[in-house]
Amino acid sequence: MFALVRFSITTAPRAGGGLVGLAALSAATSLAVTVLVGQVIGATPAFVAGDPDHSSMPAFALLVAALVLVFTLDGVLTVVLSMLSTRLTYDVDVVIHRAITATMTASARIGHLESPAVEDESRRARGVGNRAIWVGLVALAELIRSRLLAIGSAVVVGALFSWPVALGLLATTWLVEWWSARISGIEQVTWRAGTRTGREADYAYELGMGTAAKELRVFGFAPWLKNRYVRDWRSAMVPLWRVRRAATLRTTAVYAAHLAVLAVAVWLLVRNVNAGLLGLTEVATVLAALLRLAMSANGTAAASMERATSSLRALQRLPKTARAVRAGDTALEGGRPRRDAGETGPADVPFDPPRPRTGPPDVRLEDVWFRYPGSNVDVLRGLTLRLGAGEAIGLVGLNGAGKSTLVHLLAGAYRPTAGRVVVDGVDLADLDDQELAAWQRRLAPVTQEFLRLPLTAKENVTLAEPADAAPDRLVAVAATAAIDSAIADLPRGWDTVLDRSVTDGGELSGGQWQRLALARALYAVDAGAGLLVLDEPAAALDVRSEAELVDRYLRMATGVTSLLISHRFSVVRNADRICVLDKGVIAEQGTHAQLLATGGRYAQMFELQAARYVGGTPNA
């Protein structure tokens, strides 16, 4: 509880501090109601026995008025506490999501995003249903109030009746809370062990709800996916159900012990009353305090607090886990320590550094080897390649040859397993996160999985440069990418939200989305990006559109270093130099004419593809 209190006050000082203070005040008023009820009940017989004299009437009226006032204040505080708890959850919820997002986006590299350890820790921080800390905050005020009220009620019972009874009932009250928190802790450990299965269930759910909804229905996979989700969800939950079933008898015994102590306390109270040892005021006060003390055992709130504390610890461990994964991916290579092996926190990394205008870069990949984390297969095997400043390079190869991996390395998203990626004489591995982010702002990529943001068409193009958005530049890049006519057909032109679920929203075809992604890259080039990377830029286009797009691209590419990646040889034939990537190395390079003349791998694949368009080999 104290960890969550500190977190609340640190994160939201006004709401968190106010919640703790009002919870204490509410406990005090509830205890005051208990005492005043006893006083009123004790004074009532003397008051109604005969005509009260002038002095006793104001005293009794004042006592009743005090009870009504404190009781009303207690009710008001309950309402205010509920409102303040809601406000605290909203304030802290934003901080929690920002903390997770900041950790996941803290580095300009992406290796930690694919780490099971980081993903599991992130899921633990969010908790079941993304609500663990949130639910704990809702229960925080209630738990503070009940614990303070339990202590206060125990003092009243001890002072007016019996200290052993007070301490015994207080002990069983805390036993109920301790046991509930312990069971919750065991459940958390069990749930953490099944985090991977839970992630698989989440993936199946998200897949069916949006990512592949059309294909799943068309091909009849919906029942299979539903069964897969239920199977994974049950696999994650069955261990929890076992823990709960195993704890049922013990939980019943703990609550029975608590009720037994309460029954003994009431029996002792009745015995003392029969013996004439307690007056009416004391009896009424002690009985009310006993009931308050017994009902203050809040096992549900204690369990919620345990779950919230567990998630809070995961949230606090998450940055360290992510840094450890990145450091493990970077610590030493070839005997050279990396400058950011002990990376700094999220606050030290600029989210959106300005795009520098430094001209086209000279890029060299020197004997680069690479394998993805957790894999034992080398995707690149000693690749050496130079992208000269201002040069247009074409890169071709079969699917799986490592073309897209090379883009990740150029962006610095991954570090090579061995070898170097050098930009203008500087090894990308030697850059810290701030320097790497600045380098990435010099890139203008169009990848195979390009962004489809549910924003306006204009924002989809200018989002990276909102401060410099200019209508004339927007029109120019749209014309170059041949997307201008499609934009004109949208309900509100450039201001159309590209989402059919929005009023007056619109949608683009796959090819039009690809052209819009190209327009975004061109806009970035116009803003100062020096390296243009087009990864399969014509994959969603027909042959004629592909030829037109490539011609536009080559005219536009002057003045920047560019890399054009495709498995279609017609796309890259007019590049300054064409490189053939085969089995993780550059097997051939030269102009289109030179490569055809050598009769090597490029010539064979080019002729095979060309035959498909001129009625050649049917199976080509």
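Note: hydrogens, waters and symmetry copies are ignored here, and every other heavy atom, side chains too, is used.
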Does the pair I586 and L395 meet the rule for a side chain to side chain contact (heavy atoms under 4.5 Å, CB included), with working shown?
-> CA-CA 9 Å; I586 300 298; L395 184 67; 4.1 Å; yes
With a 4.5 Å cut-off on side-chain heavy atoms, are [Y] and [X] touching?
{"X": "W369", "Y": "L380", "result": "no"}
{"X": "V580", "Y": "M605", "result": "yes"}
{"X": "L431", "Y": "L428", "result": "yes"}
{"X": "L387", "Y": "L410", "result": "yes"}
{"X": "I487", "Y": "L516", "result": "yes"}

Counting distance only, does the side-chain N/O of [X] pair as donor-acceptor with the main-chain N or O of [Y] below 3.5 Å?
{"X": "E121", "Y": "L318", "result": "no"}
{"X": "T456", "Y": "V497", "result": "no"}
{"X": "S375", "Y": "R371", "result": "no"}
{"X": "E588", "Y": "L595", "result": "no"}
{"X": "S122", "Y": "V118", "result": "no"}
{"X": "E435", "Y": "D432", "result": "yes"}

I need the minimum non-hydrogen distance between [X] and [Y], along with the two atoms involved.
{"X": "A444", "Y": "V525", "answer": "CB-CG2, 3.8 Å"}
{"X": "V421", "Y": "P416", "answer": "CG2-CG, 3.9 Å"}
{"X": "P361", "Y": "R442", "answer": "CB-NH2, 3.4 Å"}
{"X": "P445", "Y": "A521", "answer": "O-CB, 4.2 Å"}
{"X": "T496", "Y": "G506", "answer": "CG2-N, 3.5 Å"}
{"X": "G394", "Y": "A575", "answer": "N-CB, 3.7 Å"}

Run the numbers on I96 and F7 for side chain to side chain contact (heavy atoms under 4.5 Å, CB included), then give the verdict.
-> CA-CA 11 Å; I96 292 171; F7 176 72; 4.1 Å; yes
How long is the span from the [atom1] atom in [X] to the [atom2] atom in [Y], to the nearest 0.5 Å?
{"X": "L409", "Y": "L385", "atom1": "CG", "atom2": "CG", "value": "11.5 Å"}
{"X": "I565", "Y": "L581", "atom1": "CD1", "atom2": "CG", "value": "9.0 Å"}
{"X": "T103", "Y": "L315", "atom1": "OG1", "atom2": "CG", "value": "7.5 Å"}
{"X": "R520", "Y": "R515", "atom1": "CZ", "atom2": "CZ", "value": "15.0 Å"}
{"X": "N460", "Y": "L453", "atom1": "CG", "atom2": "CG", "value": "4.5 Å"}
{"X": "W513", "Y": "I483", "atom1": "CH2", "atom2": "CD1", "value": "9.5 Å"}

Residues that H592 engages under ring-ring contact (aromatic ring centres under 6.0 Å, His included), provided they are two or more places apart | Y602, F606
Intermediate values then yes/no, side chain to side chain contact (heavy atoms under 4.5 Å, CB included), L436 and R109 | CA-CA 8 Å; L436 183 59; R109 308 186 193 279; 3.5 Å; yes
Could you verify whether a donor N or O on one side chain and an acceptor N or O on the other, from Y414 and T405, lie under 3.5 Å apart?
-> no
Are a donor atom and an acceptor atom from the side chains of S107 and D433 found within less than 3.5 Å of each other?
-> yes
Keeping to residues at least two apart or across chains, list the salt bridge (Lys or Arg N to Asp or Glu O under 4.0 Å) pairs with something in residues 384-402.
-> D362-R386, E391-R577
Would you check, one step at a time, whether the test side chain to side chain contact (heavy atoms under 4.5 Å, CB included) holds for V379 with L406?
-> CA-CA 9 Å; V379 180; L406 191 146; over 6 Å; no
